There are 2 protein chains.
Amino acid sequence: MTTPQLTKNQSLVFDVLEKAEGPLSAYTILDKLRDHGFRAPLQVYRALEKLLEYGVVHRLESINSFVACAHPGDDCHSHGIVAFAICESCGQVMEFHDHEVDHRLMGWVRGQKFKPAKTTIEIRGLCEACAA
Amino acid sequence: MTTPQLTKNQSLVFDVLEKAEGPLSAYTILDKLRDHGFRAPLQVYRALEKLLEYGVVHRLESINSFVACAHPGDDCHSHGIVAFAICESCGQVMEFHDHEVDHRLMGWVRGQKFKPAKTTIEIRGLCEACAA
DNA sequence: CAATTGATGTAATAACATAACATCTGCAAT
DNA sequence: ATTGCAGATGTTATGTTATTACATCAATTG
Ligand SMILES: [Zn+2]
Ligand SMILES: [Zn+2]
Ligand SMILES: [Zn+2]
Ligand SMILES: [Zn+2]
């Protein structure tokens, strides 16, 4: 997926996520963009929808939040599942990609005749700094 | 984790989930239990909290729903991560456990000095019947 | 220009989850 | 038996996340 030119709202939302230290909820993004004219959640959700489609933002299902992709420019996501490690204390997110994990999971679903569409792997815990 | 005797509300919620064909949202469970005296979401969420703790119910983060464990009595969950395949058409859920996936993911987080607490693996797609 | 498409604005509502506080019930310590 | 405690429950209100519905606007194109 090649990323097209972002629209005004998409750029605003993306910039907020890029500058953030960790994942943000849609409503937190909305609050940060009130000064730029944002008034309603849909302005955020619509931008996020596109950014997710382009692969430049990820949704973290387990914490209902969104984060800018940590591999900018890279299209590693197009050939594999991404796993996230999410620090429950500071919010830091690490992205990880492992072909072997893909292979095992996809091997299993194929055995079950299951047609996978989207896979989520999220590990919540404590990062090195927060665990100390 | 050995499962203690369930309380009245816990039993009611668990029974609803066991009899269901697929995952249910907390509010769907609430509706199904109105005849049994349930009036408020908290009655459901409090029961679910315990059932999750006992490991007899799983939460599917990607669809905000809950499902009875498919491995009753088994304590396979105590020594490994469980992956779920969720059919987006009929709601059927399959549970899967793979040591190699665990090993790769846990090896990676250890390398990052990350302390994992809870891991989610959810594969959404279409089951054999629905994909046909 | 008219028609189409994609983006945006706004209000209202739906869906999911928790806070705060009162009450009740079973059980153990005195 | 009475008291005190812990866990479970009931109830109301509120907080948080996400979508529906409808109107408007801008760029493209035939
Ligand atoms: Zn990424
Ligand atoms: Zn941290
Ligand atoms: Zn299970
Ligand atoms: Zn199906």
Side-chain angles (χ1 to χ4, degrees), chain A residues 1-17 20 22-54 56-67 86 88 91 118 120 122 124, chain B residues 1-17 20 22-54 56-67 86 88 91 118 120 122 124:
Chain A
M1 165 84 58
T2 171
T3 306
Q5 184 62 33
L6 298 184
T7 67
K8 178 159 162 281
N9 285 3
Q10 288 160 19
S11 293
L12 287 167
V13 169
F14 184 65
D15 287 351
V16 165
L17 282 174
L24 301 177
S25 77
Y27 278 76
T28 301
I29 296 170
L30 174 57
D31 286 340
K32 288 181 183 295
L33 288 175
R34 295 226 183 251
D35 294 343
H36 296 268
F38 274 46
R39 303 264 141 237
L42 214 54
Q43 295 176 285
V44 176
Y45 282 110
R46 285 204 277 229
L48 286 172
E49 185 178 23
K50 289 299 182 182
L51 295 171
L52 290 168
E53 186 183 322
Y54 303 153
V56 296
V57 163
H58 300 293
R59 175 189 187 115
L60 302 177
E61 310 274 5
S62 64
I63 57 173
N64 296 317
S65 293
F66 304 85
V67 69
I86 306 165
E88 293 182 301
K118 179 81 170 69
T120 295
E122 297 177 16
R124 274 100 63 217
Chain B
M1 166 85 58
T2 172
T3 306
Q5 184 61 34
L6 298 183
T7 67
K8 179 160 163 281
N9 285 3
Q10 288 160 19
S11 293
L12 287 167
V13 169
F14 184 64
D15 286 352
V16 166
L17 282 173
L24 301 177
S25 76
Y27 278 74
T28 302
I29 296 170
L30 174 58
D31 286 339
K32 287 181 183 296
L33 289 174
R34 296 227 183 250
D35 294 344
H36 292 74
F38 273 46
R39 302 265 138 236
L42 217 53
Q43 294 175 284
V44 176
Y45 282 110
R46 286 203 276 229
L48 285 172
E49 186 178 23
K50 289 298 182 182
L51 295 170
L52 290 168
E53 187 183 321
Y54 303 153
V56 297
V57 163
H58 301 294
R59 177 189 185 115
L60 302 176
E61 311 273 6
S62 65
I63 58 173
N64 296 319
S65 293
F66 304 85
V67 68
I86 306 165
E88 294 182 301
K118 179 80 171 66
T120 295
E122 297 177 15
R124 274 101 62 218

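All of these numbers come straight from a predicted model, not from anything done at the bench. Every chain is numbered from 1 and lettered A, B, ... according to where its sequence line falls, protein lines coming before strand lines.
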Asker: State whether A:Lys50 places a side-chain N or O below 4.0 Å from either non-bridging phosphate oxygen (OP1 or OP2) of C:dA7.
Answerer: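 Result: yes.
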
Asker: C:dT8 P sits how many Å from A:Leu33 CG, rounded?
Answerer: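 Checked: the CG to P distance equals 12 Å.
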
Asker: Check the distance between D:dT20's P and A:Glu49's CD and give it to me in whole angstrom.
Answerer: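 So the two atoms are 10 Å apart, to the nearest Å.
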
Asker: Using whole Å, report how far CZ of A:Arg39 lies from C1' of C:dA12.
Answerer: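 Result: 17 Å.
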
Asker: Taking only side-chain nitrogens and oxygens of A:Asn64, does any of them come within less than 4.0 Å of OP1 or OP2 of D:dT16?
Answerer: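 Checking D:dT16 against A:Asn64, no side-chain N or O comes under 4.0 Å of OP1 or OP2.
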
Asker: Rounded to whole Å, please give me the gap between CG in B:Leu30 and P in D:dT12.
Answerer: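 So the two atoms are 13 Å apart, to the nearest Å.
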
Asker: On DNA chain C, check which nucleotide each of B:Ile63 and A:Asn9 is closest to and give me the residue with the more 5' one.
Answerer: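 Closest to the 5' end, via its nearest nucleotide, is A:Asn9.
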
Asker: Work out which heavy atom in B:Gly91 is nearest to a heavy atom in B:Pro23; give both atom names and the distance.
Answerer: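 Closest approach of B:Gly91 to B:Pro23: O-CD, 2.8 Å.
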
Asker: Has the side chain of B:Tyr27 got a donor or acceptor atom sitting under 3.5 Å from an opposite partner on the base of C:dA17?
Answerer: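 Side chain to base: pair found, below 3.5 Å.
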
Asker: Give the rounded distance in Å between these two atoms: CG of B:Asp31 and C1' of C:dC16.
Answerer: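 Going from B:Asp31 (CG) to C:dC16 (C1'), I get 13 Å.
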
Asker: In whole Å, what is the span from the NZ atom of A:Lys8 to the C1' atom of D:dC25?
Answerer: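 Whole-Å distance recorded here is 13 Å.
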
Asker: Check the distance between D:dT16's P and A:Glu61's CD and give it to me in whole angstrom.
Answerer: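 The distance from CD of A:Glu61 to P of D:dT16 comes to 21 Å, rounded to the nearest Å.
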
Asker: So, is B:Gln43 close to the D:dT9 phosphate, meaning a side-chain N or O under 4.0 Å from OP1 or OP2?
Answerer: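 For D:dT9, neither OP1 nor OP2 has a side-chain N or O of B:Gln43 closer than 4.0 Å.
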
Asker: Does OP1 or OP2 of D:dT9 have a side-chain N or O of B:Thr7 closer than 4.0 Å?
Answerer: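 Checking D:dT9 against B:Thr7, a side-chain N or O does come within under 4.0 Å of OP1 or OP2.
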
Asker: Is a donor from one side chain sitting under 3.5 angstrom from an acceptor on the other, for A:Arg59 and A:Thr120?
Answerer: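 No, no side-chain donor-acceptor pair sits under 3.5 Å.
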
Asker: So if I take every side-chain heavy atom of A:Phe66 and compare against D:dA8, D:dT20, D:dA18, which nucleotide ends up nearest?
Answerer: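 The answer is D:dA18, which lies nearest to the side chain.
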
Asker: Which value, rounded to the nearest 0.5 Å, describes the distance between A:Arg46 atom CZ and A:Lys50 atom NZ?
Answerer: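 Those atoms lie 11.0 Å apart.
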
Asker: B:Phe66 and side-chain contact (heavy atoms from CB on, under 4.5 Å): which single residue from B:Val16, B:Thr28, B:Leu17 fits?
Answerer: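 The side-chain contact (heavy atoms from CB on, under 4.5 Å) with B:Phe66 is passed solely by B:Leu17 among B:Val16, B:Thr28, B:Leu17.
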
Asker: What contact category does B:Arg46 fall into here, base, sugar-phosphate, or nothing, at under 4.0 angstrom with non-hydrogen atoms?
Answerer: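 Contact class for B:Arg46: base.
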
Asker: Report the C-alpha distance between A:Glu61 and B:Arg124 in whole Å, list the side-chain angles of each, state the deciding distance to 0.1 Å, and finish with yes or no for salt bridge (Lys or Arg N to Asp or Glu O under 4.0 Å).
Answerer: CA-CA 12 Å; A:Glu61 310 274 5; B:Arg124 274 101 62 218; 3.1 Å; yes

Asker: Measure from OH on A:Tyr45 to C1' on C:dT8 and round the result to the nearest Å.
Answerer: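 Rounded to the whole Å, the gap is 18 Å.
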
